[in-house]
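As structure tokens, the structure follows; a few thoughts come after it.
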Amino acid sequence: MRACCLVNHYEYGQYVGEAVRSAVEQSRALDEIVVVDDGSGPEALEAVRGACSAHEGVRLVEKRNGGQLSCFESGLEHSSAEIVFFLDADDAWEPEYVKTVLAVFEERPDVGFVACNERRVFSDGRSEVSESPTRDLGYSLIRSLEPGAPFIGQPTSCLAIRRSVLDKIFPLELAEGWRTCADEALVYGSSLVGARKLFLGDPLVRYRVHGSNHFYGRPYRPEDRLLRGVEVLRLTEVLRRRQGLPSSLAHLAHHEFRTIENPTRGEYRGYRRLVADAPLPARRKRRIRSALFAWYRFRKRV
């Protein structure tokens with residue numbers, strides 16, 4: 001099973017060396033390492049060139065600035081591996097990360113998307129982990145078609161996705177709307193094209209928290225939430241139409257819900273709201289809600 005690491009880089013010259021080194025020094029060697037520089041200035045560009053030239057087999061792609069999603073697209077064009085790992089240039093991986101994730105893909109051919117837990121590392125040397133168990137997250141296509149769909153994934157550096165899933169998402173003519181936080185395009189897109197997801201609870205990714213993070217620790221302004229919500233809706237509509245899907249599949253919600261291992265109360269409530277808001281006959285809604293409750297409470301099919 002061939003595996004590739006796609007590193008997206010923009011003005012992170014002080015961190016990119018560690019990111020590339022963490023990909024090179026995996027206990028299970030990657031078949032491809034592609035670093036995409038998104039039009040960095042001279043100082044950061046010199047740093048990323050040095051980081052790549054220090055390791056045999058690391059390929060650097062230099063492009064004009066277009067944002068994070070454009071880096072993903074460019075990297076995919078320069079790779080051919082079956083499993084694609086994504087890595088932000090300011091983060092790093094533990095040595096067993098690739099080996100652990102590939103074992104999941106090898107054992108579970110039905111899984112198309114693996115998200116790993118992260119250890120947040122702060123500038124003062126502190127680190128923290130949000131404990132969460134390994135869990136099969138099942139399918140999330142039906143929930144992702146609805147407004148206000150949940151984010152079922154992790155930050156960029158914690159994501160590994162099958163090429164067969166990515167080929168259904170890309171190409172996307174939406175790059176300008178995803179200059180940052182493009183991990184959301186990967187997460188929502190994978191749900192919308194029908195990828196089964198699995199979460200690994202081991203913190204095998206070091207997510208660096210620093211003053212230049214585009215997202216972490218920064219409050220969302222109302223205009224940020226508005227524009228991001230619009231982009232998610234655009235992405236949803238593009239992928240829905242591409243697959244020839246109706247705007248709602250709520251009548252199948254109870255079947256999707258059963259694919260989730262040990263569903264949480266929040267997940268249960270989310271599916272109940274989805275069904276309540278759906279344009280379905282009242283009797284049909286009652287039957288679906290009954291099936292949701294039986295599975296959530298007793299793991300029993302109705």
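One side chain, Arg163 or Ser79, offers a donor N or O that lies under 3.5 Å from an acceptor on the other. A donor and an acceptor atom, one from each side chain of Glu146 and Ser248, are located under 3.5 Å apart. In summary, the side chains of Glu118 and Ser157 do not present any donor paired with an acceptor at a separation below 3.5 Å, with no hydrogens or angles considered. Using a 3.5 Å distance cut-off with no hydrogens or angles, the side chains of Lys197 and Ser191 do pair a donor with an acceptor.
Here the closest non-hydrogen pair linking Cys116 and Asp202 is SG-O, 3.1 Å. Of all heavy-atom pairs spanning Ala92 and Glu18, the tightest one is CB-OE2, 3.9 Å. Of all non-hydrogen atoms in Arg143 and Gly270, the two that sit nearest each other are NH2-CA, 3.5 Å. Contact between Ala51 and Val20 at its shortest, heavy atoms only, is O-CG1, 3.9 Å. Of all non-hydrogen atoms in Ala149 and Tyr188, the two that sit nearest each other are O-OH, 3.3 Å. In terms of heavy-atom proximity, Leu159 sits nearest to Ala115 at CD2-CB, 4.0 Å.
Between Phe72 and Phe86, the angle of the ring planes goes over 60°, which puts this pair in the perpendicular group of the 30/60° scheme. By the 30° and 60° cut-offs, the orientation of the rings of Tyr97 relative to Trp93 is tilted. Below 30°, between 30° and 60°, or above 60°: for Tyr296 and Tyr268 the angle between ring planes is below 30°, a parallel geometry.
The distance from atom CH2 of Trp178 to atom CZ of Arg234, rounded to the nearest 0.5 Å, is 9.5 Å.
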Can you list the steps and then say if Ser130 with Arg120 is a side chain to side chain donor-acceptor pair (under 3.5 Å)?
CA-CA 9 Å; Ser130 298; Arg120 292 176 292 280; 2.7 Å; yes

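Using a cut-off of 4.0 Å between Lys/Arg side-chain N and Asp/Glu carboxylate O, Glu267 and Arg135 are scored as salt-bridged. A salt bridge is defined here as a Lys NZ or Arg NE, NH1 or NH2 lying under 4.0 Å from an Asp or Glu carboxylate O, and Arg240 with Glu237 meets this definition. The existence of a salt bridge linking Asp90 and Arg208 is excluded, since no basic side-chain nitrogen approaches an acidic carboxylate oxygen closer than 4.0 Å. With respect to the salt-bridge test (charged N to carboxylate O, under 4.0 angstrom), the residues Asp38 and Lys63 qualify.
Partner Val84 forms a side chain to side chain contact (heavy atoms under 4.5 Å, CB included) with one of Leu166, Ile161, Val165, Val34 and no other, that one being Leu166. For the pairing with Glu32, the side-chain hydrogen bond (donor to acceptor under 3.5 Å, both in side chains) check across Arg2, Arg59, His78 returns one residue only, Arg2. Checking Leu145, Leu292, Ile142 one by one against Leu274, the side chain to side chain contact (heavy atoms under 4.5 Å, CB included) holds for a single residue, Ile142.
Looking only at side-chain heavy atoms (C-beta outward), Arg162 and Ile83 come within less than 4.5 Å of each other.
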